[in-house]
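Throughout, protein chains are lettered first and strands after them, A, B, ... in sequence-line order, and every chain is numbered starting at 1. All values derive from a computational prediction rather than experimental measurement.
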There are 2 protein chains.
Amino acid sequence: MKVPRPVIKRMPVYYRCLERLKNEGVKYVSSQKLARRLHLKDSQIRKDLSHFGKFGKRGVGYEVESLLNDITKILGLHKQWKVIVIGAGNIGKAIARFRALEKNNFKVVAVFDTDKRKIGTELLPGLKILDMASLRDFVGREGADLAILAVPASSAQAVANDLQKAGIRGILCFAPVTLNCAIPVEYVDITAFLKTLAYSVLTEKYNV
Amino acid sequence: MKVPRPVIKRMPVYYRCLERLKNEGVKYVSSQKLARRLHLKDSQIRKDLSHFGKFGKRGVGYEVESLLNDITKILGLHKQWKVIVIGAGNIGKAIARFRALEKNNFKVVAVFDTDKRKIGTELLPGLKILDMASLRDFVGREGADLAILAVPASSAQAVANDLQKAGIRGILCFAPVTLNCAIPVEYVDITAFLKTLAYSVLTEKYNV
DNA sequence: AATATGTTGTGAAAGCTTTAACGAAAAACG
DNA sequence: CGTTTTTCGTTAAAGCTTTCACAACATATT
Ligand SMILES: NC(=O)c1ccc[n+]([C@@H]2O[C@H](COP(=O)([O-])OP(=O)(O)OC[C@H]3O[C@@H](n4cnc5c(N)ncnc54)[C@H](O)[C@@H]3O)[C@@H](O)[C@H]2O)c1
Ligand SMILES: NC(=O)c1ccc[n+]([C@@H]2O[C@H](COP(=O)([O-])OP(=O)(O)OC[C@H]3O[C@@H](n4cnc5c(N)ncnc54)[C@H](O)[C@@H]3O)[C@@H](O)[C@H]2O)c1
């Protein structure tokens, strides 16, 4: 039975909130307390979790650490995902250097570019920028599951095609385009977020 | 009458597709052709646009350039938005250097940080990193509408409070937290996108 | 042991969004 | 000039998601 996409999009939000609670030393949390922190309805949280099983204890709530483990499994974060970054420009470098990814079990194993001046330079100890020409070999040899696409919009579709051929199974796309792909794609169009934000500011009602 | 959020989230997608068509020299486009490019239903595009007015011509479609102008107005992109970036780290610098923002009428007017070693250094010609202590003065004096929040999660809420007090009207938040704010906030939690992507890869059905 | 309080999981209702269907308009064509 | 083709804007239906409401269970209290 298919889980609705809005539910899937909220799971990482629960995850990060539980992680925080765990660090704060909180042992148990109710759907109501979670809801207050996340500006959601408690019934929504319970319904969301019910898609995957029963994790709570009536009268008590959810054990923070065990629910966190359950969500980790649900999202598939108990095994490490190997990630490659395509495009060692502004955004590609920022992400490759972002160490918190590893805490979430996403490991950046390589960065690729076509720019001869960049190829061979070291972004982090042990993380050299590789030639796009070696993409297919690399993925075949070292294995990689996901790709973060940080190239100009004009080359995004071509690169996406290469990624699929190389055996990549999912793409996180920063370029402002809609890709034609047979594998899952998530889009992070930052200018689109700003536009949505601009609209919200313009139409905002006086609230809270 | 309130426009549904899913509609607002699609408007920037229409925008970027029309921009592309304009560059390709296309003069007219039908909802069907747009739908095919964007993997949507034509009826959805027509319905979405109908929330804002009548932009098409029966039997013909939409005039690319004029629809682009209309969407520009709808999203409030005909006037320039002054944007400040908070946190001159990996992601903050990448965004401050991202020139395409200006084409969309978002102008990064300042970058702020608390790190004494960074303050005063120049990120781009004419774009110095300023001291957080001068935030309120700056916003009061120069004016700024939106803030891009690129500080560690641990300080995000405190900074958000400062931003509101300074008069900022909307926040684009890269930190993996849910903020308590009275102004509009959009979240860009990159690890959350990766988690959603991981889930999709795991549960993918063999398709297309 | 009985009562009070708290909280989950879930079925049903309400609310919202997408899709289908079609009349009305615009252009193209013979 | 009437007919055909195309495509919009809109109403209504279908489909999906959120919220409500409550029985069932868990613990604490007296
Ligand atoms: N920088 C940002 O803050 C930002 C924000 C939102 C979106 N984006 C988007 O992210 C993408 C990258 O932006 P950026 O600012 O990092 O650009 P950039 O120009 O700094 O970097 C792009 C990199 O991709 C490389 N490249 C180009 N074609 C390639 C190919 N076919 N294969 C492999 N590598 C290739 C270039 O050599 C360059 O190093 C763009 O699509 C942009 O619209 C960037
Ligand atoms: N780098 C990435 O690719 C990436 C991806 C996803 C999310 N994020 C998130 O974005 C945020 C920033 O990430 P980063 O990698 O750029 O971190 P970073 O450590 O490189 O940069 C953070 C910057 O914020 C500054 N800072 C700290 N406290 C501040 C305060 N109170 N006021 C003003 N400035 C302050 C620091 O001096 C530093 O320059 C984090 O919340 C992170 O989780 C980053």
Whole-Å distance separating the [atom1] atom of [X] from the [atom2] atom of [N]:
X       : N      : atom1 : atom2 : answer
A:Lys41 : D:dA21 : NZ    : C1'   : 14 Å
B:Gln44 : D:dA13 : CD    : P     : 20 Å
B:Tyr28 : D:dT6  : OH    : P     : 18 Å
A:Leu40 : D:dT18 : CG    : C1'   : 11 Å
A:Phe55 : C:dT10 : CZ    : C1'   : 15 Å
A:Lys9  : D:dT17 : NZ    : C1'   : 16 Å
B:Ile45 : D:dT10 : CD1   : P     : 16 Å
B:Glu63 : D:dT7  : CD    : P     : 16 Å

Quick check on [N]: is either OP1 or OP2 less than 4.0 Å from any side-chain nitrogen or oxygen of [X]?
X       : N      : value
B:Lys57 : D:dT6  : no
A:Ser43 : D:dC20 : no
A:Arg46 : C:dG11 : no

What nucleotide among [options] has an atom nearest to a side-chain atom of [X]?
X       : options                : value
B:Tyr62 : D:dC8, D:dA21, D:dT11  : D:dC8
A:Lys47 : C:dA12, C:dT8, D:dT27  : C:dA12
B:Val60 : C:dT10, C:dA26, D:dC8  : C:dA26
A:Ser50 : C:dT18, C:dT10, C:dA27 : C:dT10
A:Arg58 : D:dA26, D:dT10, C:dA12 : D:dA26

Salt-bridge criterion met for B:Glu186 and B:Arg5 (N-O under 4.0 Å)
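Here B:Glu186 pairs with B:Arg5 in a salt bridge, since their nearest N and O are under 4.0 Å apart.
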Select from B:Ser30 and A:Pro4 the residue whose nearest nucleotide in DNA chain D is closer to the 5' end of that strand.
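On the 5' side of the pair lies B:Ser30.
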Do B:Lys82 side-chain atoms and B:Glu142 backbone N/O form a donor-acceptor pair below 3.5 Å?
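Yes; judged by distance alone, with no hydrogens or angles, the pair exists.
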Okay, side chain of A:Ser66, backbone of A:Tyr62: is any donor-acceptor separation there less than 3.5 Å?
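Side chain of A:Ser66 to backbone of A:Tyr62, a donor-acceptor pair under 3.5 Å: no, none is there.
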Hey, which of these two, B:Gly59 or B:Pro6, hits DNA chain C nearer its 5' end, going by closest nucleotide?
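Final value for this comparison: B:Pro6.
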Quick one: pull up SG in B:Cys17 and NZ in B:Lys22 and give me the separation to the nearest 0.5 Å.
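Going from SG on B:Cys17 over to NZ on B:Lys22, the span is 14.0 Å.
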If you measure from CD1 on B:Ile190 to CG on A:Leu101, what distance do you get to the nearest 0.5 Å?
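If I round to the nearest 0.5 Å, the distance is 8.0 Å.
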